[in-house]
There are 2 protein chains.
Amino acid sequence: MQVTDQIIRNISRYTALEEQEKVDFLSLLSFREIAKKEAILKAGQPCQHLNYVHSGTLRAYCFDKEGKESTVMFAVADWWITDMFCFLNQKPAMLYIEALEGSSVFQLSRANFEHLFATQPSFERVFRILMQNAYTREQLRVIERLSLSAEERYDNFIAKYPQFVEKVPQKHIASYLGITPEFLSAIRRGKLGR
Amino acid sequence: MQVTDQIIRNISRYTALEEQEKVDFLSLLSFREIAKKEAILKAGQPCQHLNYVHSGTLRAYCFDKEGKESTVMFAVADWWITDMFCFLNQKPAMLYIEALEGSSVFQLSRANFEHLFATQPSFERVFRILMQNAYTREQLRVIERLSLSAEERYDNFIAKYPQFVEKVPQKHIASYLGITPEFLSAIRRGKLGR
DNA sequence: TTACTTTCTTAAGCTACCTTAATCTTTTTG
DNA sequence: CAAAAAGATTAAGGTAGCTTAAGAAAGTAA
């Protein structure tokens with residue numbers, strides 16, 4: 001079993017690949033290991049890679065003008081993560097992406113992303129579906145933010161993403177939900193009392 | 001000039017189409033006129049269509065358990081709108097979609113959506129890009145909600161979507177931004193004073 | 001083991017935004 | 001056109017969630 005089996009299995013959920021296509025695809029990727037707390041992207045830098053998480057846990061976040069940190073997404077094995085807007089539009093990154101534990105990713109550069117579509121159009125389908133999933137996920141998050149209380153959003157989060165709850169400090173879950181860690185702590189205390 | 005020119009021009013921004021491909025694509029669509037306040041989707045119904053807005057203005061919204069309404073998206077000419085999660089996963093709709101003025105759409109059914117990809121793979125690219133745009137738009141909205149005040153979100157909204165500001169009542173803009181119409185009114189009053 | 005850092009919790013006072021309800025204005029409809 | 005409905009504004013009182021600050025707990029490093 002190879003390290004590349006995992007990503008190939010992931011892609012194969014969306015399109016059937018010939019052996020040669022697998023080889024060609026893999027040749028466009030580079031493997032990168034990331035130490036705990038190491039950043040693979042910092043705001044202001046060019047956002048050059050789309051990252052498939054092979055192992056570990058990553059977090060994307062930004063700062064507002066008062067310096068408050070907001071978590072934009074988490075990614076564990078089999079997730080794709082980047083500052084998508086800046087990756088696609090070739091703008092300096094708005095987001096920081098760093099490892100919450102020792103992690104590893106396969107990186108696809110912006111140029112290879114385009115090259116992939118030009119040479120292997122079946123990857124259009126793969127990314128169409130990945131983008132669809134990402135869109136509906138974010139839209140659901142918008143809807144929950146509009147229509148649920150902080151406590152309800154927390155309940156949904158732990159039901160939907162138990163993998164994250166295990167790996168991620170609560171303060172980051174709070175900043176993903178749009179609340180302070182103090183208030184999340186109060187929510188949790190409330191649950192014990194009941 | 002035909003009614004179908006507009007949607008063909010929109011698709012052609014993403015992929016070059018042969019004449020026959022245009023014809024085949026158009027044959028999968030149905031044209032529908034929508035009266036002001038008429039709904040093309042209601043929560044609980046099957047979500048059977050992806051809608052390209054040819055003219056007019058549509059709004060997607062939902063209700064929370066207290067009956068409060070939240071606006072999920074607006075769509076004017078050249079936008080695509082549906083309850084994407086339920087359309088893709090064939091679940092009963094969570095959203096209502098209705099016309100804010102007399103409008104017209106081209107509708108692509110779920111079956112024809114799949115048929116399109118099976119017969120004209122170049123549409124994978126079209127929707128890959130549309131889904132990318134939708135994803136980054138929603139992600140930006142999440143980030144703004146996490147890191148900006150209501151007033152800043154309103155300022156950004158009018159800068160980014162002047163077409164909507166013209167067409168849409170303020171109470172719907174308020175519910176899109178996640179605030180009450182009363183509070184939006186207070187924000188606007190504040191701006192005049194300054 | 002100790003020391004250091006990070007995370008979590010508690011609690012008191014605070015504020016951005018909400019609720020209610022009345023009035024005013026604009027749009028729609030007959 | 002008048003009447004009704006829908007939308008916008010104002011203002012007073014209320015609350016969900018924030019801020020600050022301090023201490024406890026847990027993880028990490030030496």
Side-chain angles (χ1 to χ4, degrees), chain A residues 35-39 57 59 61 63-71 74 98-102 144-155 157-158 164-194, chain B residues 35-39 56-57 59 61 63-71 74 96 98-103 144-158 164-194:
Chain A
K36 180 167 183 169
K37 292 188 188 178
E38 186 186 351
T57 310
R59 180 176 77 102
Y61 60 96
F63 293 96
D64 69 14
K65 60 184 188 318
E66 273 90 40
K68 189 193 76 181
E69 193 178 293
S70 293
T71 296
F74 300 106
E98 67 178 45
L100 296 177
E101 62 182 328
E144 293 198 351
R145 185 68 198 263
L146 287 170
S147 62
L148 300 182
S149 68
E151 177 165 7
E152 292 167 322
R153 278 179 273 136
Y154 177 62
D155 291 342
F157 183 87
I158 53 184
F164 297 164
V165 177
E166 285 164 25
K167 299 262 194 175
V168 167
Q170 281 175 33
K171 62 173 189 170
H172 293 151
I173 296 177
S175 92
Y176 179 93
L177 296 174
I179 62 179
T180 58
E182 293 82 358
F183 190 58
L184 179 54
S185 193
I187 288 171
R188 288 160 52 81
R189 184 192 338 152
K191 291 192 184 301
L192 297 180
R194 274 177 278 149
Chain B
K36 181 168 183 170
K37 294 190 186 175
E38 186 186 349
T57 309
R59 180 176 77 102
Y61 59 97
F63 292 96
D64 69 14
K65 62 185 184 316
E66 273 90 39
K68 191 194 74 182
E69 192 179 295
S70 293
T71 296
F74 300 108
Y96 295 79
E98 66 178 47
L100 295 177
E101 62 182 329
S103 303
E144 294 197 354
R145 184 69 197 263
L146 288 170
S147 62
L148 300 181
S149 69
E151 177 163 7
E152 292 167 323
R153 279 179 274 138
Y154 177 63
D155 291 343
N156 284 2
F157 183 86
I158 54 186
F164 296 163
V165 177
E166 286 165 23
K167 301 262 195 176
V168 169
Q170 282 175 33
K171 63 172 187 171
H172 293 152
I173 296 178
S175 92
Y176 179 92
L177 296 174
I179 60 179
T180 59
E182 293 82 358
F183 190 58
L184 178 54
S185 194
I187 288 171
R188 288 160 51 81
R189 185 191 337 153
K191 292 192 182 302
L192 298 178
R194 271 175 281 154

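To find a chain, count down the sequence lines: A is the first, B the second, and so on, and within it residues start at 1. It should be emphasised that the depicted structure is a prediction, and the values quoted were computed from it without experimental measurement.
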*asked:* Phe164(A) vs Thr57(A), test: side-chain contact (heavy atoms from CB on, under 4.5 Å). Steps then yes/no.
replied: CA-CA 8 Å; Phe164(A) 297 164; Thr57(A) 310; 5.6 Å; no
_Distance in angstrom units between Leu148(B) CG and dC18(D) C1', rounded_ = 17 Å
*Kindly say if Thr180(A) contacts the phosphate of dG17(D), meaning a side-chain N or O under 4.0 Å from OP1 or OP2.*
no
*Using a distance-only test with no angle check, is there a side-chain donor-acceptor pair under 3.5 angstrom linking Tyr154(B) and Arg188(B)?*
yes
*Establish, with yes or no, whether the OP1 or OP2 oxygen of dA8(D) is under 4.0 angstrom from a side-chain nitrogen or oxygen of Arg188(B).*
no
*Take Phe74(B) and Lys167(B) through the test side-chain contact (heavy atoms from CB on, under 4.5 Å) and record every step on the way to the result.*
CA-CA 10 Å; Phe74(B) 300 108; Lys167(B) 301 262 195 176; over 6 Å; no
*asked:* For a quick test of reading the model, state the closest non-hydrogen atom pair linking Ile179(A) to Ala150(A) and the distance between them.
replied: CG2-CB, 3.6 Å
*Using whole Å, report how far CG of Leu177(B) lies from P of dC18(C).*
11 Å
*Do the ring planes of Tyr96(B) and Phe63(B) sit parallel (below 30°), tilted (30 to 60°) or perpendicular (above 60°)?*
perpendicular
*Integer-rounded Å distance: dG7(D) P and Leu184(B) CG*: 14 Å
*Whole-Å distance separating the CD1 atom of Ile187(B) from the C1' atom of dA8(D)*: 14 Å
*For residues Gly56(B) and Ser103(B), report the shortest heavy-atom separation together with the two atoms involved.*
CA-OG, 3.3 Å
*dT15(D) P sits how many Å from Glu66(B) CD, rounded?*
14 Å
*asked:* So for the helix from dT1(C)-dA30(D) to dG30(C)-dC1(D), with five pairs setting each end axis, what is the inter-axis angle to 10°?
replied: 60°
*Test applied, salt bridge (charged side-chain N to carboxylate O under 4.0 Å, His left out); reference residue, Arg59(B); option that passes from Glu69(B), Glu101(B), Glu38(B)*: Glu69(B)
Which atoms of nucleotides 21-30 of chain C (N or O only) lie under 3.5 Å from a protein N or O atom, and what are those distances?
from, atom 1, to, atom 2, distance (Å)
dT28(C), OP1, Lys36(B), NZ, 2.4

*asked:* With a 4.0 Å limit, can you tell me whether Ser185(B) has a side-chain N or O closer than that to the phosphate oxygens OP1/OP2 of dA8(D)?
replied: no
_Under the rule for side chain to side chain donor-acceptor pair (under 3.5 Å), what residues qualify as partners of Ser175(A), not counting sequence neighbours?_
Thr71(A)
*Just how far, in rounded Å, is P of dA6(D) from CD of Glu101(B)?*
18 Å
*What residues in residues 166-174 of chain B put a non-hydrogen atom under 4.0 Å from any atom of DNA chain D?*
Pro169(B), Gln170(B), Lys171(B)
*Can you tell which of dT10(C), dC18(C), dT19(D) lies closest to the side chain of Phe183(B)?*
dC18(C)
*For Glu152(A), which residues count as a side chain to side chain donor-acceptor pair (under 3.5 Å) partner, sequence neighbours excluded?*
Ser149(A), Lys65(B)
*Looking at residues at least two apart in the chain, or sitting in another chain, which of them share a side chain to side chain donor-acceptor pair (under 3.5 Å) with Lys68(B)?*
none
_Any Arg189(A) side-chain N or O less than 4.0 Å from OP1/OP2 of dT9(C)_ = no
*Whole-Å distance between dA16(D) P and Ile179(A) CD1?*
14 Å
*Would you name the heavy atoms of Gly178(A) and Leu146(B) that are closest together and state the gap between them?*
CA-CD2, 3.5 Å
_Rounded distance in Å - CZ (Arg153(B)) to P (dA16(C))_ = 13 Å
*Please determine which of His172(A), Lys171(A), Gln170(A) meets the side chain to side chain contact (heavy atoms under 4.5 Å, CB included) test together with Pro181(A).*
Lys171(A)
